[in-house]
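One structure below.
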Amino acid sequence: MSLMSNLSTSMISSSSSAFLAPTSFNSSRSQSVSVPVKSIKICKCVATPQEQQQTGLKMVLCGLFVCFEAYKTKVSRNSNIAKLQAGYLFPEVARRRAAHLLKYPNAQVISLGIGDTTEPIPDVITSAMAKRSQALSTLEGYSGYGAEQGEKALRVALASTFYSNLGIEEDDIFVSDGAKCDISRLQVVFGSNVTMAVQDPSYPAYVDSSVIMGQTGQFQKDVEKYANIEYMRCTPENGFFPDLSTVARTDIIFFCSPNNPTGAAATREQLTRLVQFAKDNGSIIVYDSAYAIYMSDDNPRSIFEIPGAKEVAIETASFSKYAGFTGVRLGWTIVPKQLLFSDGFPVAKDFNRIVCTCFNGASNIAQAGGLACLSPEGLEAMQEVIGFYKENTKIIVETFNSLGFKVYGGKNAPYVWVHFPGRNSWDVFSEILEKTHIVTTPGSGFGPGGEGFIRVSAFGHRENVLEACRRFKQLYN
Amino acid sequence: MYKLLACCSMASGISLQPKMVQASLGVQKQGNGHCTNVPRNVNLEKLQNNYLFPEISKRELQHLDKYPSAKVISLGIGDTTEPIPEKISLSMANYAHALSTAEGYRGYGAEQGNQVLRKAIAETFYKNVLIRDQEVFVSDGSQCDISRLQLLLGSKVTIAVQDPSFPAYIDSSVIIGQAGDFQDKTGKYQNIVYMQCGPENNFFPDLTTTPRTDIIFFCSPNNPTGHAATRKQLQQLVEFARDNGSIIIFDSAYAAYITDDSPKSIFEIPGAKEVAIEISSFSKFAGFTGVRLGWTVVPEELLFSSGFPVINDFNRIVCTCFNGASNIAQAGGLACLSSEGFQAICSVIDYYKENTKILVNTFASLGLKAYGGVNAPYVWVHFPGLKSWNVFSEILEKTHIITVPGSGFGPGGAEYIRVSAFGQRERIMEASWRLEKLISNEKALFNSVENKE
């Protein structure tokens, strides 16, 4: 009889994005699990293969032998989380990267996968954060708990920088530690009894948070969709804007523009139709504007540029891709006063309650950085870094164009959406990784509508981007 | 000079109306405004009032409106006041500066936290109880972690809380849909088990009469009562959890304030790793209330009934609903755990401990029964027969001191006031003096009994 040690795939796939060695949660689980005497029993340890895989328990298959059974609580696992198919997408990509490095320790891996900023934050911004840090050591400069909604000066600056003339006021703005966290907080506000629609493909946090919240049914393997979510297909054929006449009504509509992963930016006309659609259906749009600052064309940067949007939309945004704050953690969400539930109750009041109860404000140091971002000097400095990433994007677009690929995005977002017709995107991902040591993101990770596409992100040092393009040319020529 | 609580922006924004007005909002619409067809989350409707601490802030602002030149002293919200030791803020400043350099720039960090910090936390606080660094999840604070744990557990689990307790446990439970309806008669949510903790039972619940729940929230040293559970009490708790197959969520946010030999971590109790999660925070430990840093320990041994490791699901939540604590805050956290940083922090904690002593003595000298204050920066003062919101108002009106009414922490807090000991020494002294004056002048009102000795 052999001791089996099963490490479930879900454990490995949940390893962190920056973690270079594969995480093995059970690696240190000792063979001698210490249990009180009463747990030792003669037993036939039988577990279903699925359970074995999930628990990673060291099981001794036995007939007559004493076996040690690990203590289990009587608390049932949350069935919503059990619906999730695999780890969150980006840790999975990271895991594959780490595994690749193990295989090829000398490989010069270039990461165009996870959209992680790489260029240093401008001095004017980090100096402000350093200053705030040091002030915390002084009597006059020390501050404890901040307003959960964010520091007033920052809220004022956000309103005037991005929403002046749009009728969004500072008290409509809630500062946060980032869009991903805000998405989950919004889901907590909405609860499990709402229905939602997402673009297909879309940023995975919308779907995953919906599953966790209990809004969805089971995953349907044949169509690769969760029951109860309305997937709004966005393809080159429809200009990456859903045909709203075929979209069923849902309570919530997640919409990201400029889009992650396709890079598509919705036009004023399209967003006007979207707002009308939401109005007609009594729906709420959650508009993700994390990449608005990458817009090159003359498309709306905020949903609130569309008349009537304040009564149907929430907007989330982030300093991550604006200021390289991916590690610093700062974002904001706008919930207009005019946005009401069906009984007339203002959505902002419930969001505020969640923010006060389930959150305790963004780091005061990060907020000081955010304020500096919005100074004239800060804005200028940010634009320079963004210009740098935009240039990266251009280089990548040109490369794939020159290789004869159908390429989308890349104009209004730091993502290039490359079509590999008829091919499985994880296969293409693996092939690229294996043959060029470049990490990308497989389109199907963003939904079934992403199948046949690869997302190439344009963050990176210029030499790495150039080198990557050289390798792409070599592979695909 | 006398600082306003930073939560003051609440007043300028959305006004949170107390219960009676909130009910009427159901039919109020803003002019001819469009209503969506999205139903309000019924769980949020079940919440009775605003979250406790913004409500306290609101009262403070109203008081200041009334008495603009009043020198308000806040012994209410447990907000740290003393500057962060220089070594720590300097390391945060240096980290921030480094983000402007090619070598020092960092993007997304591990959602579970910086590996070095996780290790340092494991080694500093859990060295002898063998918590591994991969079981430590760094966060932006306990209030956030509590909600993430609720997301993990879902709406179908039952919970028990101490009564009184930190309001986030109950409120997050209501929000996620575990709690059932509020019952006006008892002041309790239907599905929550309230484990009464008072002087009569040594602030430890009688577990023989406590029904089984899936989850047991337990805070020690306790907010608001200040009581630190003894080793024996925690052994009973662990055994109770084990017998019932329950999971304890142990809140050790105030462990650094323990002065006797009460356990600082639930994992000091044998068998706890298979029944408990521990949450903790740099807030009251290092003055990081605004910087935002904490951690949660989920042992690998902790399993759901199916045998599935809880840590796997918590990790999934952390990766999906969170994106890591601020890297600058984490750099600060690491500095806190250096020997120099730790020493400096202990000095600040000693300062608050001295504040607490002063307050304890003040109440004792006034013949009031005051609890806590030995192992926590809170004094839990009993005003028998009086309503805590009335006592709160009376104290505020007559002495311009903010406290927290005990009933904000649950029906078990009904006749109590929580006085927090954070503050600059002069203000603590001033507050003591004002309280002495008020209470000795109005003995009858405050039911204060003359100390016959």
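Proteins come first, then strands; the chains are lettered A, B, ... in the order of their sequence lines, and each starts at number 1.
Under the 3.5 Å distance criterion, with hydrogens and angles disregarded, no donor-acceptor pair is assigned to the side chains of A:Ser363 and B:Ser326.
At least one side-chain heavy atom of B:Ile175 sits under 4.5 Å from a side-chain heavy atom of A:Cys358. By the 4.5 Å heavy-atom criterion applied to side chains, A:Arg329 and B:Arg292 are not counted as neighbours. Side-chain contact between B:Leu90 and A:Gln134 is present, with at least one heavy-atom pair separated by less than 4.5 Å. Side-chain contact check for A:Asn360 versus B:Asp140: every heavy-atom pair is 4.5 Å or farther apart. Taking 4.5 Å as the limit, some side-chain heavy atom of B:Leu44 sits within range of a side-chain heavy atom of A:Ile354. Counting only heavy atoms from C-beta outward, the side chains of B:Val157 and A:Ser76 never approach each other to under 4.5 Å. Residues B:Leu303 and A:Thr73 are not in side-chain contact: their nearest non-hydrogen atoms beyond the backbone lie 4.5 Å or more apart.
Residue contact with chain B, scored on non-hydrogen atoms closer than 4.5 Å, involves the backbone and the side chain of A:Val75 alike. For B:Arg212, the part lying near chain A is the side chain, with the backbone staying farther off; criterion is any non-hydrogen pair under 4.5 Å. Within the 4.5 angstrom heavy-atom criterion, only side-chain atoms of B:Tyr105, from C-beta onward, approach chain A. For chain B, the nearby part of A:Arg249 is the side chain; its heavy atoms alone come within less than 4.5 Å. B:Ser147 touches chain A through its side chain: at least one heavy atom from C-beta onward sits under 4.5 Å away, while N, CA, C and O do not. Interface remark: B:Ile176 contributes side-chain atoms only to the contact with chain A (heavy atom separation under 4.5 Å). For B:Pro85, the part lying near chain A is the backbone, with the side chain staying farther off; criterion is any non-hydrogen pair under 4.5 Å. For B:Lys87, no part sits under 4.5 Å from any heavy atom of chain A, backbone or side chain. With a 4.5 angstrom heavy-atom cutoff, A:Leu330 does not touch chain B via any of its atoms. Heavy atoms of B:Asn244 lying under 4.5 Å from chain A belong exclusively to its backbone. Both the backbone and the side chain of B:Ile84 come within less than 4.5 Å of a heavy atom of chain A. Of the two parts of B:Leu302, only the side chain, counted from C-beta on, holds a non-hydrogen atom closer than 4.5 Å to a non-hydrogen atom of chain A. Only the backbone of B:Ser246 has a heavy atom closer than 4.5 Å to any heavy atom of chain A. With a 4.5 Å cut-off on non-hydrogen atoms, B:Ala325 touches chain A through its backbone but not through its side chain. For B:Glu45, the part lying under 4.5 angstrom from a heavy atom of chain A is the side chain only. Both the backbone and the side chain of A:Ile284 come within contact range of chain B, with heavy atoms under 4.5 Å apart.
Contact detail for A:Thr357 and B:Ala168: the closest heavy-atom pair is O-CB, 4.4 Å.
For the atom pair CD (B:Gln143) and SG (A:Cys356), the distance works out to 8.5 Å, reported to the nearest 0.5 Å. A distance of 7.5 Å separates CG in A:Asp350 from CG in B:Asn41, rounded to the nearest 0.5 Å.
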### Task
Begin with the C-alpha distance, continue with both residues' side-chain angles, and end with the deciding distance and a verdict on side chain to side chain contact (heavy atoms under 4.5 Å, CB included) for B:Leu151 and A:Met213.
CA-CA 7 Å; B:Leu151 267 182; A:Met213 207 54 217; 3.8 Å; yes
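For the set B:Ile328, B:Asn114, B:Val318, B:Asp313, the count of heavy-atom pairs under 4.5 angstrom toward chain A peaks at B:Asp313.
Scanning for side-chain hydrogen bond (donor to acceptor under 3.5 Å, both in side chains) contacts around A:Thr195 gives A:Asp251, with sequence neighbours left out. Scored by the side-chain hydrogen bond (donor to acceptor under 3.5 Å, both in side chains) test, A:Asp172 finds A:Lys337 as partners (sequence neighbours excluded).
B:Tyr108 places no side-chain N or O within 3.5 Å of a backbone atom of A:Ile114 that could act as its donor or acceptor partner. Using a distance-only test at 3.5 Å, with no hydrogens or angles considered, no donor-acceptor pair links the side chain of A:Ser342 to the main chain of B:Thr36. At least one donor-acceptor pair under 3.5 Å links the side chain of A:Lys180 to the backbone N or O of B:Phe322.
The environment of A:Asn193 atom CG is sparse: at most 12 non-hydrogen atoms of other residues, nucleotides or ligands sit within 6.0 angstrom.
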